[in-house]
Structure formats: C-alpha cells, structure tokens
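First comes the structure, then the notes that go with it.
So you know, we letter chains A, B, ... as the sequences are listed, proteins then strands, and number each from 1.
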Number of protein chains: 2
Amino acid sequence: MDLLQCPLFAGVTKEAASRLLSCFQAEQQDFAPGEVILRYDGTASRIGILTSGSAALSRVRADGSVAISQLLEESDLFGEIFSFSPSLDITEVRAEEACSVVFIDKHHITHPCCSTCAGHLQVIQNLFVLLSRKVVQLDEKVELLSKRTTREKLLCFFAKQAAKENSAVFHMPFAFTTLAEYLSVDRSAMMRELKKMREEGFIRVEGRTVTLLALPEGGDT
Amino acid sequence: MDLLQCPLFAGVTKEAASRLLSCFQAEQQDFAPGEVILRYDGTASRIGILTSGSAALSRVRADGSVAISQLLEESDLFGEIFSFSPSLDITEVRAEEACSVVFIDKHHITHPCCSTCAGHLQVIQNLFVLLSRKVVQLDEKVELLSKRTTREKLLCFFAKQAAKENSAVFHMPFAFTTLAEYLSVDRSAMMRELKKMREEGFIRVEGRTVTLLALPEGGDT
DNA sequence: CTTTTTCTGTTGCAATTGCAACAAAAATGT
DNA sequence: ACATTTTTGTTGCAATTGCAACAGAAAAAG
C-alpha cells in the first residue's frame, strides 16, 4: 500500500501528507518474512505503522515457547508505548510476510511542531481511529483468552473468522501451529480437541478450509 | 475528581474546558456501587470517561459465570466502540465503588464542531494519550491471560502489583473472588494453587496483604 | 528434483483444572 | 446486636491440559 493512501492520511491531500511526513521525520523500512521488525527493550519512543504485509507481536517465554499477542495487518499500529513494562519474556514484532513499515516518533504526533500544518489535526484524528481499532482487536483477544476451555476458544475464534468472511465456510488466516500460539494453548492438546470436534460433527476441516457445521456460541450477535 | 481537572482536559483552561463540554454535549451521571453503568447492546456511539470511583467491564457467560475483562479506574475510557461486535456473552460495565461518569458522543470528538475551539485539539491529543493507556492495560491483560498455568498467572499479577506499589509487600486491589474472575480461572482451583504457593514459601497472605517472598518471573525488568 | 525444514496428526501419562458441594469467617445491612 | 449475604478456605472427583515423543505429509530451500 502506498503510505500516502494509508488510513493514517485519510482525508489529507497528497501534498499535505508528504509535507507532514518530513515534518514527522518519518522513516520507511522494509522487512523480509521472519525478520524482527522491533524488539521491545525499553525504548518507547517510536510508533510503527505497518503499511503493507503482515506481522505478529509475540512474547517469547524463557523456555522458548511463543505466545502471539497480536496479529498485525495492513495499517495496524505497534510500538513499545502500547506495551506494558517488559517482563522477563522477550517481546518482539516479527514479519510474517514481507512488510513495509513507517516509524514515527510519538513526540511529533502528540506535540505538533506546527499546528498550522494542514492535515496535522486530521492525522491525529486518524490515529485516534486506528488506536480505537487496536483496542477493539485487543478486546477481541481478551475475549478469546477468557474462554476457559480449548474448545470454547476454538469455537469463538472460528465464529469470529466465519463472521469476518460472512460464511460458515472460511479460510484459516495462518497455520494451526500459529493458532495454538495465538490461543495460548498447547498445540497437541489443541489438535486433540480439534479432532474431537470433527468427530462430533461440529466442524469440518480440509487443509486450511474450515466449515462450521453447528455454531453454538461466540459468534457475532 | 473534578471533571475539568481530569486528564482529558489537561492543558486546557477552565473556561475553554467548560465551553468544550457544552460543545461536546457531555452528560454527567453518578452511579452507586453495583449499578450497571453501561450494557453493550450494539449502540456504539458514546464514549464513557470514569471521572471518579472504580468499575469493571465484564462478560457474563450464558451459564452466569463472569469474566472480568477490564478494571476501570479514574480517568479510564470505556464504550462499545472499543469492543468487538458482541458475542452471546453479555458485556457490561458495572460500578464497583460509587462512580461519576461523563458520556461524550464520539462524533463530537472525531468531527470537531468548531476546530477553532480553543483546546479542542488538546482534548483530542489527551484522548490519544488516554487511549494509549488503555491499549497498555489491555496488553497487560493479554500477557496475564497468555500464561498457561494458574500459578504463572498469579505470579505475573502479583509481580505487576508489587511493581505498582514498588514493594514486595502489596495490597490486593480487590477480593480473591474478583481476582479469579479477572484471571479467568476457577476460584477454587485458584485458591488451591494459592495454598500450594503459600506452603512452598513463594508468598505470604494475610487478608488482602500479600508478600512476595521469591519473585521468579513475570515482574518488571 | 532432491534435501531439509516445517507443519500436521497422534498417543500415553502425569499434572492441572473445573465443577460441585460444603463449612467457617468476614463483611454488610437493618 | 443480630440476621443475612458475601467471601474465604477446603476437598473429592472427573475431565481437560500440558508435556514429551514420535511418524508421516506438506512446504520451502537448495
């Protein structure tokens, strides 16, 4: 995606946007799949905006196991300001697909260098909207993790995914191994539960295509 | 807390703030402990700002069990815009202590009626800061819930609490029953684990005062 | 087109967890 | 001060889960 067409600059003219970018001292950077985009280390000044590709924010435990905290897609925000003071777990953002990222120092956003700049106010409003979206995403994650059993977590995730694609047949956005890290459950235990659910006729799984045959709970509305 | 001294109006003169409040068509309302402040029902227009007291945003499951999603304190934000489209669970904000709340329609914030209003830009920036804080809180919650075992959840929670009070001896901000709902685990199982941890000499518990005797993991730095 | 790596699928076993049910203690209301 | 409600503390038991270890399938790399 073109940075200037990114939701961050919605409602701002191209000219104003490019002026703002230099005013913000924005830095653009590309990342290959698997590369670490940012490792949280106490430096909480930069806000990252994913302008293309996909990435994951995860906590790597001392024993090496990984818990995916957030899945980041186009126009998502990330950065250490949005994180709690670090635990012993390593917190990092890693590219899933090839990514383009724009870094802006938060200072430039919250303290307008020139409030007269056309579009600055608009950008702040856009950031507000993007941040709201992140809150929604995190809230969704909390809902998932609040489910007591693996089955409930799976059903809730599937229901949300089905709602997104507006069909009982939907596509897994990532591998089952990744799903286990996202739901923060043991992979083999998750596979076992998945098998049970298949046998009991709740779902059908063909590769990464899943069909909800009976949707008990956790969906929208 | 006086609404005009709330972080939302930081850096805004009293005069400008009261002008903005009427411009925003802000509505102030008080709630007694236990009262429902807001039940999410698909009406996603109002942003709530808790100006005094404390409240909890929770999901009530079909079987009646409760999962506390967020604990809200002075100057916290809430509202359906920050929530995922509702599941079958009831989502509600309920007062813990006596609360004062100000409701503002989001429209007034994101679409300035009069961008010339002194302080409007400042309020939007303040909202950005408050929202960032909410993201941090939610991220903290996700970190807690991502822990696999009840023991890890407890230790992580205790470590954070100790960090907040900057002491290995700290005070539980709410009842153990509430803690179980917050960690989304069975209360009796949590008590059992707590007992084990006491016996193994990890912690000491006297009423609502907890002492961390050995802090293994999950703390800050 | 191999080779290597990652992902899927499975299982036994031990440990943890949720559930139900209860008694005692503490807090709350009248 | 007494009655009532809520919270704490406990336990047995069944079910779920994590862990470890593995084999085959699929995907990625060379």
(request) Would you grab the first and last nucleotide of DNA chain D (5' to 3') that comes under 4.0 Å of any non-hydrogen atom in chain B? (result)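 So the outermost contacting nucleotides come out as dT7(D) to dC19(D).
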At under 4.0 Å between heavy atoms, what does [X] touch on the DNA or RNA strands: base, sugar-phosphate, or nothing?
X       : result
K153(A) : nothing
R192(A) : base
T150(B) : sugar-phosphate

(message) Could you check whether any side-chain N or O of Y182(A) sits under 3.5 Å from a backbone N or O of T177(A), counting only pairs where one atom can act as donor and the other as acceptor?
(response) no
(message) If we ignore hydrogens and angles and just use 3.5 Å, is the side chain of S54(A) paired with the main-chain N or O of E96(A) as donor and acceptor?
(response) no
Let me know the distance between [atom1] of [X] and [atom2] of [N], rounded to the nearest Å.
X       : N       : atom1 : atom2 : answer
R208(B) : dA25(C) : CZ    : P     : 19 Å
M190(A) : dT10(C) : CE    : P     : 12 Å
M172(A) : dC7(C)  : CE    : C1'   : 12 Å
M197(A) : dG9(C)  : CE    : P     : 14 Å
K195(A) : dT10(C) : NZ    : P     : 5 Å
R187(B) : dC22(C) : CZ    : P     : 15 Å

(request) Taking the side chain as every heavy atom from C-beta outward, state whether D139(B) and K141(A) have any pair of such atoms under 4.5 Å apart. (result) no
(message) With a 4.5 Å cut-off on side-chain heavy atoms, are E143(A) and D89(B) touching?
(response)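 Side chain of D89(B) against side chain of E143(A), heavy atoms only: contact under 4.5 Å found.
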(message) Let me spell it out: for each of A189(B) and A175(B), pick the nucleotide of DNA chain D with the closest heavy atom. Which residue's pick is nearer the 5' end?
(response) A175(B)
(message) By the salt bridge (charged side-chain N to carboxylate O under 4.0 Å, His left out) test, which pairs, at least two apart or in different chains, include something from residues 170-188 of chain B?
(response) none
(request) Would you mind telling me which residue lines up with the more 5' stretch of DNA chain C, S188(A) or T149(A), judged by nearest nucleotide? (result) S188(A)
(message) Classify the ring geometry of F174(B) against F157(B): parallel below 30°, tilted from 30° to 60°, perpendicular beyond 60°.
(response) tilted
(request) For the residue pair Q70(A) and D76(A), confirm or rule out a side-chain donor-acceptor distance under 3.5 Å. (result) no
(request) Look at E193(B) together with K153(B) and state whether they make a salt bridge at an N to O cut-off of under 4.0 Å. (result) no
(message) I'd like to know if R61(A) and E152(B) make a salt bridge, using a cut-off of under 4.0 Å between side-chain N and carboxylate O.
(response) no
(message) For the helix from dC1(C)-dG30(D) to dT30(C)-dA1(D), what angle separates the axis at the start from the axis at the finish, each from five pairs, in steps of 10°?
(response) 70°
